[in-house]
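Shown next, in structure tokens, is the structure this report addresses.
From a predicted model like this one, the values you see are computed outputs, not experimental measurements. Quick note: numbers below take in every heavy atom, side chains included, and nothing from hydrogens, waters or symmetry partners. We name chains A, B, ... by the order of the sequence lines, and we start the count at 1 in each one.
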Amino acid sequence: MKQRVSALLREKIGREVVLEKPRDRSFGHFATPIAFSLAKELRKSPMIIADELASSFESSEFFSKVEAVKGYLNFRLSEDFLAEYASWALKNSSEFAKQEKNQKILLEFVSANPTGPLHIGHARGAVYGDTLYRLAKHLGYDITAEYYINDAGNQIDLLGLSIQLHARENLLDETVEYPESYYRGEYLEGLSRDAMEKFGVEIFHDESRQKELALWAKDEVMKIIVKDLGDLNIAFDTFVYESTLYDDWDRVMQKMGSGIYKKDDKVWIASEAKGDEKDRVVVREDGRPTYLAGDIVYHNQKFERGYDHFINIWGADHHGYIPRVQAAIEYLGYDSKKLEVLLSQMVSLLKDGEPYKMSKRAGNVILMSDIVEEIGSDALRFIFASKKSDTALEFDLAEFKKQDSSNPIFYIQYAHARIQTLLAKSELSYADIMDASLKNLGENADTLLFDALLLPEVVEDAFNTRQVQKLTDYLKSLAASLHKFYYDVRMIGTDDEAKLLKLMLMVALSIKTGLSLMGIQAKDKMSKED
RNA sequence: GCGCUCGUAGCUCAGCUGGAUAGAGCACUGGUUUGCGGUACCAGCGGUCACACGUUCGAAUCGUGUCGGGCGCACCA
């Protein structure tokens with residue numbers, strides 16, 4: 001809808017105009033302050049310009065009213081247009097809010113090390129990424145969700161060592177000494193037992209078999225991670241293993257040409273010249289590549305695979321890392337602007353106003369799976385999607401366990417369930433309802449209809465700005481409009497029953513579609529457990 | 001110290017390509033609905049948009065500076 005209004009204005013005025021939704025609905029559906037910016041160029045008062053523009057729209061069947069108020073230009077869409085649009089959407093419900101964008105995108109997210117289960121910080125990036133993925137798919141982008149598995153480097157050795165130590169202490173009752181850093185947590189219990197069964201106890205004492213143990217364990221850990229993500233309705237299209245990339249290192253190094261040089265028996269990348277703080281080591285004296293080397297090969301591989309755009313979601317603590325990767329991309333001969341890095345900030349949890357306790361059992365982190373168990377996947381997804389991802393977030397679990405309007409996911413689901421109840425209660429058939437006209441419903445119904453039809457705009461806006469909270473905000477406000485309408489208007493048994501239920505169908509479609517874009521299934525009934 | 005980022009109601013947060021009286025939820029106070037579902041709705045309370053200066057017809061929004069919080073500043077991943 002908005003696109004059409006914008007297009008009309010562009011045609012008429014000859015430039016891109018700012019379109020907004022007035023807070024006060026009596027001003028119409030859309031409004032623009034364009035006359036203010038034109039005032040200076042045209043040397044005329046904004047009021048006069050707005051008046052002239054308004055009268056030039058008089059003949060359009062698209063609008064029922066275009067008026068100039070204090071320099072603003074306000075548009076009211078015609079009833080015919082809204083009614084037709086809604087009828088189309090209901091008949092083609094799977095197409096609603098969809099588009100056909102022609103762009104190939106690679107979205108990399110989560111990419112947590114395969115050394116332990118996901119914690120709450122990972123969950124935020126995971127939800128953010130998956131929501132963007134769903135939005136992009138709906139908009140018709142050719143998008144691939146990818147997980148980069150860091151299965152090379154120190155952390156893998158540390159995983160092997162951690163299992164050995166855990167097993168010796170807990171399975172074999174030995175006294176062991178832990179190094180400064182090692183992995184801990186309940187998952188080691190299962191890994192130790194399985195390892196004992198598979199390899200026998202000798203492997204826990206043999207330092208030379210640490211690697212073997214670790215390589216087996218990281219696959220086991222990945223199974224846990226994939227399952228945890230599955231519980232959040234998150235799935236990946238592709239997995240890339242860091243360990244498989246290094247064969248390509250020599251070729252990639254050559255490809256970077258002058259971006260790479262040797263000094264002090266090490267290999268460096270001249271990233272400072274490309275905006276980084278300083279040059280970075282990519283191969284150490286002993287010939288082992290650094291983490292950055294892996295990322296360079298990986299990004300080269302990404303670009304060689306041929307995408308139009310790349311999105312990475314990283315933890316905010318990696319923000320300093322961006323310039324060096326961009327530098328590498330440029331030395332490789334690609335446009336670093338094609339790589340977009342989105343940051344996902346810290347999360348801190350409260351429970352009934354108190355800081356959520358990290359459990360020793362979990363290894364002093366808050367496990368994602370614990371939170372999912374506590375409040376459910378839907379609530380967790382909703383919380384993380386509803387806040388800007390790049391600012392720190394603090395939230396209270398208690399709020400999401402309540403069964404009333406203070407819990408936004410309950411509130412929205414309840415709106416959807418209410419509509420389903422109405423439909424079940426009505427004697428009218430689906431065909432009767434679909435045949436009804438959505439016209440002459442009155443002011444309140446028109447407003448609700450308009451709100452329900454805004455979903456396509458919201459979906460596109462949320463994806464383009466990478467701000468998925470626009471979708472959750474929209475659903476909250478649509479649910480609020482529905483609840484208010486439900487309170488004000490009796491529908492069953494009235495003359496307008498068919499019309500009103502058609503309106504309800506439209507609202508339900510928007511809610512259901514919106515929720516599904518967040519990986520949440522709309523409910524037809526509220527059950528006490530949820 | 002340098003870089004990034006944030007500072008909006010008692011709390012958690014929207015709003016930030018400059019635009020109509022600064023919004024939501026929670027909390028608090030009062031009212032309406034007892035049924036189409038456990039509910040939900042309405043109203044009130046509450047703000048020097050951290051502070052200062054600047055740009056502009058117009059600044060929460062842009063710029064500069066100050067203060068305060070977070071994160072980062074590895075040949076770790």
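Out of B/rA20, B/rC36, B/rA77, the shortest distance to the side chain of A/A31 is found at B/rA20. Checked against B/rC4, B/rC36, B/rC41, the side chain of A/H319 finds its nearest nucleotide in B/rC4. Closest approach to the A/D317 side chain among B/rC71, B/rU39, B/rC41 is made by B/rC71 (side chain taken as heavy atoms from C-beta onward). Which of B/rC36, B/rU39, B/rA20 sits closest to the side chain of A/L422 comes down to B/rC36. The side chain of A/I492 lies closest to B/rC36 when the candidates are B/rC36, B/rC73, B/rA20. Side chain of A/H318, nearest nucleotide from B/rU39, B/rA77, B/rA20: B/rA77. Listed nucleotides: B/rA20, B/rC36, B/rC41. Nearest to the side chain of A/K484: B/rC41. In this structure, of B/rA77, B/rG38, B/rC36, it is B/rC36 that holds the atom nearest to the side chain of A/R490.
Looking only at distances, no side-chain donor or acceptor of A/H416 sits under 3.5 Å from a matching main-chain atom of A/A522.
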Return a single string for nucleotides 11-16 of chain B, one symbol per nucleotide in 5' to 3' order, where B is base contact, S is sugar-phosphate-only contact and - is none, cutoff 4.0 angstrom on heavy atoms.
-SSSSB
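Distance, A/F485 CZ to B/rC36 P: 17 Å, rounded to whole Å. The distance from atom CG of A/D390 to atom P of B/rG69 is 21 Å, rounded to the nearest whole Å. Following rounding to the nearest Å, A/L478 (CG) and B/rA24 (C1') show an atom-to-atom distance of 15 Å. Distance NZ (A/K525) to P (B/rU39): 18 Å, rounded to an integer number of Å. In this entry the distance linking CE of A/M47 with P of B/rG58 reads 14 Å, nearest Å. Nucleotide B/rC26 holds its P atom 16 Å from the CD1 atom of A/I383, rounded to whole Å. One can place CG of A/L343 at 11 Å from P of B/rC6, the figure rounded to the nearest angstrom. A/L482 places its CG atom 13 Å from the C1' atom of B/rU39, with the value rounded to the nearest Å.
The residue A/E277 sits close only to the backbone: its heavy atoms come under 4.0 Å of sugar-phosphate atoms, none of a base. When heavy atoms are screened at a 4.0 angstrom cut-off, A/D286 is found touching no nucleic acid atom at all. Contacts of A/V489 with the nucleic acid, taken as non-hydrogen atoms under 4.0 Å apart, include base atoms.
Taking the ring centre of A/F463 as origin, the terminal cationic atom of A/R466 falls inside the region bounded by 6.0 Å and 45° from the ring axis.
For B/rA40, its base never sits under 3.5 Å from the side chain of A/D488 at any donor and acceptor pair.
Between A/K401 and A/E374 there is a salt bridge, since at least one side-chain N of the basic residue sits less than 4.0 Å from a carboxylate O of the acidic one. Between A/E146 and A/K302 there is no salt bridge, since no side-chain N of the basic residue sits under 4.0 Å from a carboxylate O of the acidic one.
Across every strand in view, B/rA24 sits in a pair with B/rU12 that passes the Watson-Crick or G-U test at under 3.5 angstrom. When Watson-Crick and G-U wobble pairs are counted only if both distances are under 3.5 Å, B/rC62 pairs with B/rG54. Summarising the base pairing, B/rA43 is matched to B/rU29 through a Watson-Crick or G-U wobble pair whose two defining distances lie under 3.5 Å.
When the nearest nucleotides of RNA chain B are assigned to A/K476 and A/Y487 by heavy-atom distance, the more 5′-ward of the two goes with A/K476.
Here the closest non-hydrogen pair linking A/G294 and A/Y246 is CA-OH, 3.4 Å.
Distance check: A/Y474 OH to A/D451 CG gives 6.5 Å after rounding to the nearest 0.5 Å.
For A/S344, the side-chain contact (heavy atoms from CB on, under 4.5 Å) partners at least two apart in sequence or on another chain are A/R124, A/I313. Remark: A/D286 pairs with A/R288 by the salt bridge (charged side-chain N to carboxylate O under 4.0 Å, His left out) rule, at least two apart or across chains.
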